[in-house]
Amino acid sequence: MTTESAIEIDTSLHPLDDPVRSSLRGEHSRFAEWVGRIGRYEPEVARFVGHPPELDEQDWEDLASILGPGGSTGLRGSGHVLPPGWTVLAEFGSVQMDGSALEVAHDPEFEVLGAADVPEILDLIARTDPGPYAPRTIEMGTYLGLRVDGKLVAMAGERLHPPGWTEISAVCTDAEFRGRGIASRLVRAVGAGIRARGEIPFLHAVAHNVTAISLYETLGFTLRKRGRLTLVQAPD
């Protein structure tokens, strides 16, 4: 695998237009694995793979190398021309939202989660399904949680970290405690930590999750970009 210094950098792209590779070249370089222009996180940290907007023949070979036989990943965009042996598994819409206008607020009721909390975090993720979360995702940034009678019932935290920006992710609340404004408070609290560093919050959501998107809009997030994700599988 190559090192960061060998990676071709397209300076014409906004960091949020290539958020995975922007993060891996910067704040998250310690998690980075590169093959040519393809970068990914260590799998125990996150399953994200970054790539150029258009993949050439060498990119597809490098992507197959980094995924391994039968490996799968999500690619930004649609209409990718797949080489023989590759398979499209699914395609869906997504939105990227800018939190420049997010009203942030620290909240003393939330605690900072750490490595010792990972078993409880993974259990909450399994119950609420906010999106992918790996055993070492906790290392990507600050995660805040709410406990009730000692049980972790809600959380949110920081994920991708392009220069000047930090993604808010893993926003989830146990079913029994929904409808109490906990998710909104968590987003504001995580955002407060991001803003304190002089950075801007942003987030992603699947396009059909209109409930979550509406919530984020009420908090001050605005639509930055609509996109498509294509889930592909490498040859066996």
Of all heavy-atom pairs between Leu229 and Ser94, which one has the smallest distance, and what is that distance? CG-OG, 4.4 Å

Ignoring hydrogens and geometry, is there a side-chain-to-backbone donor-acceptor pair from Ser214 to Val210 under 3.5 Å? yes

Counting distance only, does the side-chain N/O of Asp62 pair as donor-acceptor with the main-chain N or O of Asp59 below 3.5 Å? no

Hey, does the side chain of Ser22 reach the backbone of Pro15 with a donor-acceptor pair shorter than 3.5 angstrom? yes

Can you name the one residue among Val45, Val20, Ile66 that meets side-chain contact (heavy atoms from CB on, under 4.5 Å) with Arg40? Ile66

Drop me the distance from Ile168's CD1 to Leu102's CG, to the nearest 0.5 angstrom. 5.5 Å

When clusters are formed by joining ILVMFWY residues with side-chain heavy atoms under 4.5 Å apart, either directly or through shared neighbours, do Leu203 and Val190 land in the same one? yes

Flag yes if Met97 and Phe92 sit in one hydrophobic cluster, no otherwise; membership is Ile, Leu, Val, Met, Phe, Trp, Tyr, and two members link when side-chain heavy atoms are under 4.5 Å apart. no

Considering all heavy atoms, the nearest Leu13-Pro53 contact: CD1-CG, 4.2 Å

Decide side-chain contact (heavy atoms from CB on, under 4.5 Å) for Arg136 and Tyr41; before the verdict, give the C-alpha distance in whole Å, the side-chain angles of both, and the deciding distance to 0.1 Å. CA-CA 11 Å; Arg136 292 177 53 207; Tyr41 281 85; over 6 Å; no

Atom CZ of Arg180 and atom CZ of Arg185: how far apart are they, to the nearest 0.5 Å? 11.0 Å

Between Gly99 and Ile200 the two heavy atoms that sit nearest each other are C-CG2, 4.1 Å

In Å and rounded to the nearest 0.5 Å, what is the OG to CH2 distance from Ser23 to Trp165? 12.5 Å

Say you draw a straight line from CZ of Phe48 to CZ of Arg76; how long is it, rounded to the nearest 0.5 Å? 12.5 Å

Quick check: do Leu113 and Leu152 have side-chain heavy atoms less than 4.5 Å from each other? yes

To the nearest 0.5 Å, what is the distance between NE2 (His106) and CZ (Arg188)? 13.5 Å

For a salt bridge (charged side-chain N to carboxylate O under 4.0 Å, His left out) with Arg159, tell me which candidate from Glu27, Glu139, Glu167 qualifies. Glu167

Considering all heavy atoms of both residues, which atom of Leu160 and which atom of Pro19 are nearest to each other, and what is their separation? CD1-CB, 3.9 Å

Whether Arg127 and Asp174 form a salt bridge (side-chain N of Lys/Arg under 4.0 Å from carboxylate O of Asp/Glu) is what I want to check. yes

Using side-chain contact (heavy atoms from CB on, under 4.5 Å), reason through Leu75 and His51 one step at a time and then give a plain yes or no. CA-CA 8 Å; Leu75 300 180; His51 59 89; 3.6 Å; yes

Please answer: with hydrophobic residues joined when any side-chain heavy atoms are less than 4.5 Å apart, are Tyr143 and Val118 in the same cluster? yes

Are the side chains of Leu215 and Ile213 in touch, meaning some heavy atoms are under 4.5 Å apart? no

Does a sphere of radius 6.0 Å around CZ in Arg226 hold more than 12 heavy atoms from other residues, nucleotides or ligands, not counting ones at 6.0 Å or beyond? no

Tell me whether Glu120 is salt-bridged to Arg147, with the criterion being a basic N under 4.0 Å from an acidic carboxylate O. yes

How about Lys225 and Phe202: do any of their side-chain heavy atoms sit closer than 4.5 Å? no

Whether His161 side chain and Met140 backbone form a donor-acceptor pair below 3.5 Å: no

Below 4.5 Å, heavy atoms only, C-beta onward: do Thr73 and Leu63 meet side chain to side chain? yes

Using the side-chain contact (heavy atoms from CB on, under 4.5 Å) rule, take Arg178 and Thr128 through it: C-alpha gap first, then chi angles, then the decisive distance, then the call. CA-CA 11 Å; Arg178 292 174 187 165; Thr128 57; 3.7 Å; yes

Any chain of hydrophobic side-chain contacts (each under 4.5 Å) joining Ile194 to Leu16? no

May I have the step-by-step check of side-chain contact (heavy atoms from CB on, under 4.5 Å) for Leu82 and Thr87, ending in yes or no? CA-CA 7 Å; Leu82 278 62; Thr87 305; 5.6 Å; no

CD1 of Ile182 to CE of Met155: how many Å apart, nearest 0.5 Å? 13.5 Å

Check: Arg195 and Pro201 side chains under 4.5 Å, non-hydrogen atoms: yes

Closest non-hydrogen atom pair, Val104 against Gly191: CG1-C, 3.5 Å

Between Gln233 (side chain only) and Ser72 (backbone N and O only), is there a donor and an acceptor less than 3.5 Å apart? no

Is the backbone N or O of Ala46 less than 3.5 Å from a side-chain atom of Thr137, with the two atoms forming a donor-acceptor pair by type? no

Do Glu91 side-chain atoms and Ser78 backbone N/O form a donor-acceptor pair below 3.5 Å? no

Closest approach of Ala183 and Val171, non-hydrogen atoms and distance? CB-CG1, 4.0 Å

Could you tell me if the side chain of Gln58 sits less than 4.5 Å from the side chain of Arg37, heavy atoms only? no

Determine whether Arg25 and Asp18 make a side-chain contact, defined as any pair of heavy atoms from C-beta on separated by less than 4.5 Å. yes

Single-linkage hydrophobic cluster, 4.5 Å side-chain cutoff, Leu231 and Val95 together: no

Arg228 atom CZ, neighbour heavy-atom count above 12 within 6.0 Å: yes

Flag the pair Thr218 / Ser184 as yes when at least one side-chain heavy-atom distance between them is below 4.5 Å, and no otherwise. no

Between the side chains of Glu158 and Arg197, is the shortest nitrogen-to-carboxylate-oxygen separation below 4.0 Å, so that they form an ion pair? yes

Between Asp17 and Arg224, is the closest basic N to carboxylate O distance under 4.0 Å? yes

